[in-house]
Amino acid sequence: MSEFIETRGLRKVYHVGGQTVEALQGVDLEITKGDFIVFMGHSGSGKTTLVSAIGGLTRPTEGTVLIEGNDIWKLNDKELSHFRNRKIGFMFQSFSLLPTLNVLNNVVMPAIFSGNSGEKDSDALKSKAISLLSDLDMKKKVNSFPSELSGGEQRRVAIARALINDPEIILADEPTGELDIRTEREVIDIFSHINDVYKKTLIVVSHSLSWIEKARTIIVMKDGLMYKDLDDPVEAIMSGVCKQ
Amino acid sequence: MKILKLSILELLRRPKKNMVIASSIVIAVALLTSLSIVSNSANVAIMEIIAKTGHTLTVRPAATSAGTNAEDKGQEYKLTTSEVVLGSHIPETAVPEIMKYYDKAIKEGWEKKSGLVTNPGIPETSIEPATWAPRLFEKTEVNGQEMIVTGIDIHKEYFVRFWWNLSSGEWPADTEIRDVNTSVSTLYSIGSDGRVIVDKAEYGVDSSGKLIAAQEKKARAAPVKPIQKGWDDAYLGGAYAKARGLKLGDRLTINKTEFTIRGILEETNSADDYMVFILLSTAQRIFNKEGQISMVSVRAMCPNCPVGDAMVELNKHVTGITAVSQLDVAGVQFDFFSMLYKFLLAVVVSTIAVGIFSIFNIVTGSLYARIREIGMLKAIGASRYQLFRIFIYEHFILGLAAGIVGYVLGLGMAYFLNTLLDVGAVIRITTDFLWRGLALGIVCSLVAIIYPAYKLSKLKITETFRTQWES
C-alpha cells in the first residue's frame with residue numbers, strides 16, 4: 001500500500017472566551033490507501049479537529065494536509081467543495097439526512113452538487129443508488145422518508161450516500177453514536193465490508209471500543225497529540241496514559 | 001433531482017413559517033397593486049375626459065350645483081363628460097353677452113397657448129368661433145316613469161360631443177333645420193360648411209299643437225308657430241334604452257306628447273347614457289320654458305385654447321352664471337389624486353419596509369435553525385454559490401407566489417378603493433400591474449434573504465457543526 005494521506009506539523013488553535021486552546025499540537029500522520037483507521041480518545045482530545053482538517057472542513061492554523069501529494073488547504077472554496085464532493089464521502093452522527101427527501105433522493109443528493117443530476121445521468125445515478133441500497137439491505141426502503149426509518153437504517157442510507165460519488169475516502173464522525181449494541185455491530189460490519197469490497201480508505205472518529213476489533217489502524221488522541229501503534233489502545237483510552 | 005427541486009421541497013417543509021413570510025409580501029403587493037390600479041384608472045379616466053372635453057367650458061346658472069339630487073352636489077368639481085342642472089335656468093338672451101366675454105378672453109389669451117391637450121380635429125394654428133350647445137333639462141314622466149329629458153340642438157350638440165355615436169338609427173341630415181326663431185317665423189339651418197343659413201319653415205304647429213305643413217300655415221287665419229322638421233324625434237341614451245327594452249321606431253310619451261325613437265346612443269359612461277334627448281325647441285315648448293336653457297356647453301375651437309382664462313372672465317363679468325372649465329377641473333382632480341397617491345404610497349412604502357424587516361427577522365431565524373443541515377450540505381460538496389442558489393430559489397418562488405396572491409387581492413382592493421374613495425373611474429387592468437406586483441413580491445422576498453443567505457453560505461462547516469465537530 002502506498003502513502004495516500006499525509007499531514008505535516010498540523011496545528012489548530014481555537015480562541016474561546018479569551019482563552020487559547022491548542023486542539024492539535026503539530027500532528028504528523030501518514031495514512032495509506034485502503035486503510036481502515038479509527039481515531040479514539042476522550043472528548044476534547046482533538047480527534048475530530050484532526051479528521052475535519054483532513055476532510056477539508058476545518059482549516060488548520062499551521063501545517064499541511066496532502067492528499068495524493070496535493071495540499072488541499074491551498075484550494076479555493078469552489079475547488080475545496082469539489083474535492084469534498086468527489087474525493088470524500090461524509091457520514092455524520094446526526095443531521096445527516098434531509099427530512100424532505102426520500103431515501104433515494106437523499107442518496108443521490110451529492111450528485112446534485114457535482115453536476116451529475118441531468119436527465120442523462122439521472123437514470124444511471126438512480127440505478128447506482130438502488131444497487132448501493134440493495135447492498136446495504138435497504139432496497140425496500142428506497143421510497144421511505146427519514147422519519148420512517150430506524151437509527152440503523154438511517155446510518156445505512158448515510159453510508160450509501162457517502163458512496164454514491166465513488167469517493168476514495170469515507171470519513172465518518174461517530175457513525176455508531178446513539179445506536180444499540182446490535183445495530184452498532186451491524187454498522188461496523190458494513191464499514192468493514194466497504195473496506196474489504198469497495199477498497200475505500202475509511203477514517204472513523206468514535207468513542208466506541210467496538211471498532212478496535214475491525215479497524216486496521218487505531219490512533220488514540222490526547223491533548224492534541226496523536227498516539228499510534230499502542231500496545232494496548234483500550235488501556236490507554238481507559239487510563240488516559242498513552243505509552244508507545 | 002436538481003437544486004430547484006430541493007429548494008421547492010425545503011420550501012414546502014415549513015408551510016406555517018413561509019405563510020407568515022408570504023403574508024407580509026402579499027399585503028405589500030396588494031396595497032401597491034390596488035393603489036397603482038386606482039391611481040392609473042383615475043388618471044386615464046381624467047385624460048380620456050380631457051381628450052374629449054378638455055376645451056369645453058360649461059356655463060350654468062349661478063348658485064346651482066350639477067347633479068340630480070343632494071348626493072350629487074359635490075359634482076361641482078367632478079370631471080365628467082355630462083352633467084345635469086335642474087331647477088335653474090339661463091335666459092337665451094344672456095348668451096350673446098356670455099359669448100362676447102368668452103370671445104374676448106379667448107382671443108387675448110390664445111397667444112399664451114397654455115392648455116393641457118390639443119383639440120381633436122382642430123388645426124394647430126387656427127382659431128375659429130366656438131360652438132355653443134345649449135341644453136334644457138326637465139324631470140318628467142316618460143312612458144309613465146320619471147326620467148330626465150334633455151332638449152338639445154342636435155347639430156351643435158353633436159359637434160361639441162364629437163365622441164357620440166349611434167348604436168342604431170340615424171342623425172338628421174347635415175342640412176337639417178337647427179333652430180327656430182318664433183318671433184320672426186324664420187328657421188335657421190347649418191350647412192355642410194358649418195355656416196348658419198336662414199331658411200323658410202317647412203312645418204309648423206297650430207295653436208293646439210297639431211303638426212301642419214308650412215304651406216297650410218299660410219292659409220290659416222290664426223298665427224302658427226314654425227316647427228322644426230323632426231320635432232317629435234327622440235334619441236335615447238344607450239343604458240336607458242337597454243334597461244327599458246326600447247328600440248328604433250318605438251313610441252315614447254313625454255309630457256303627453258308622442259315621440260318616435262330615431263336613434264340610440266352608444267354608452268359613454270356618463271349621465272348621457274340615462275337620458276332621453278329631444279329637440280331643444282320642442283322641449284322648450286312642451287315644458288313651457290320658452291327662451292330658457294339649463295346650461296350651455298362651449299367647445300373652444302382652437303388648439304391649446306385658454307378656456308381657463310375665459311372661465312375667469314365670465315365668472316368675473318357676467319352675473320347669474322357659473323362657468324366651469326374642464327381643464328381647470330382636471331387640474332383640481334389631478335392634484336387631488338396626486339396628493340392621495342403620494343400619501344397612500346408613503347403608507348405602502350412604510351408597510352413594505354416594516355414587512356421586509358419582519359421577513360428578514362423570520363428568515364434569519366429560519367435559516368439559522370437549518371444551520372446544521374447547511375453544514376451537512378457543504379460537507380457533501382455544496383459550494384457557497386450552490387447553497388446561495390438554494391436559498392435564492394426558495395425565496396424567489398415564495399416571492400413569486402406571494403406576488404401572484406397579492407396581485408389578485410390587489411385587484412379586489414382596487415374595486416373597493418375605487419368605491420371607498422369615490423374615484424368613480426372605470427377600473428383598468430393591464431399586465432403591467434401583474435409584472436410590477438410579481439417584481440415587488442420577488443424583490444421583497446430576495447432583499448430579506450440575501451444578507452442572511454450570504455452570511456450562512458460563508459459559514460465555516462465546523463461552525464455549523466460546532467457541537468459535533470469540535471468535541
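Note that these values count all heavy atoms, side chains included, but never hydrogens, waters or copies made by symmetry. Residue numbers start from 1 in every chain, and the chains themselves are labelled A, B, ... in the order their sequence lines are given, proteins ahead of strands.
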Side-chain heavy-atom pair B:Asn418, B:Ser41 within 4.5 angstrom cut-off: no
Taking only Lys NZ, Arg NE, NH1 and NH2, and the carboxylate oxygens of Asp or Glu, determine whether A:Asp166 and A:Lys128 approach each other closer than 4.0 Å. no
List the steps, then state whether side chain to side chain contact (heavy atoms under 4.5 Å, CB included) holds for A:Ser43 with A:His207. CA-CA 8 Å; A:Ser43 295; A:His207 287 98; 3.5 Å; yes
Check against side chain to side chain contact (heavy atoms under 4.5 Å, CB included), A:Phe191 and A:Ile170: CA-CA 9 Å; A:Phe191 270 79; A:Ile170 300 292; 4.2 Å; yes
List the steps, then state whether side chain to side chain contact (heavy atoms under 4.5 Å, CB included) holds for A:Leu98 with B:Leu377. CA-CA 9 Å; A:Leu98 283 184; B:Leu377 291 174; 4.2 Å; yes
Does any donor atom in the side chain of A:Ser208 or A:Ser210 lie under 3.5 Å from an acceptor atom in the other side chain? yes
Is there a donor-acceptor contact under 3.5 Å from the side chain of B:Gln386 to the main chain of A:Phe113? yes
Charged N-O contact under 4.0 Å between A:Glu168 and A:Arg86: no
May I ask you to say whether A:Glu22 pairs ionically with A:Lys12, meaning some side-chain N is under 4.0 Å from a carboxylate O? no
With distance as the sole criterion, is a donor-acceptor pair present between the side chains of B:Asn40 and B:Tyr341 under 3.5 Å? no
Can you tell which of A:Gly177, A:Gly55, A:Ala23, A:Ser81 has the highest number of heavy-atom pairs within less than 4.5 Å of chain B? A:Ser81
Sorted by number, residues from residues 390-416 of chain B in contact with chain A (heavy atoms, under 4.5 Å): B:Ile390
Counting only non-hydrogen atoms closer than 4.5 Å, can you tell me which residues of residues 10-32 of chain B sit against chain A? B:Glu10, B:Arg13
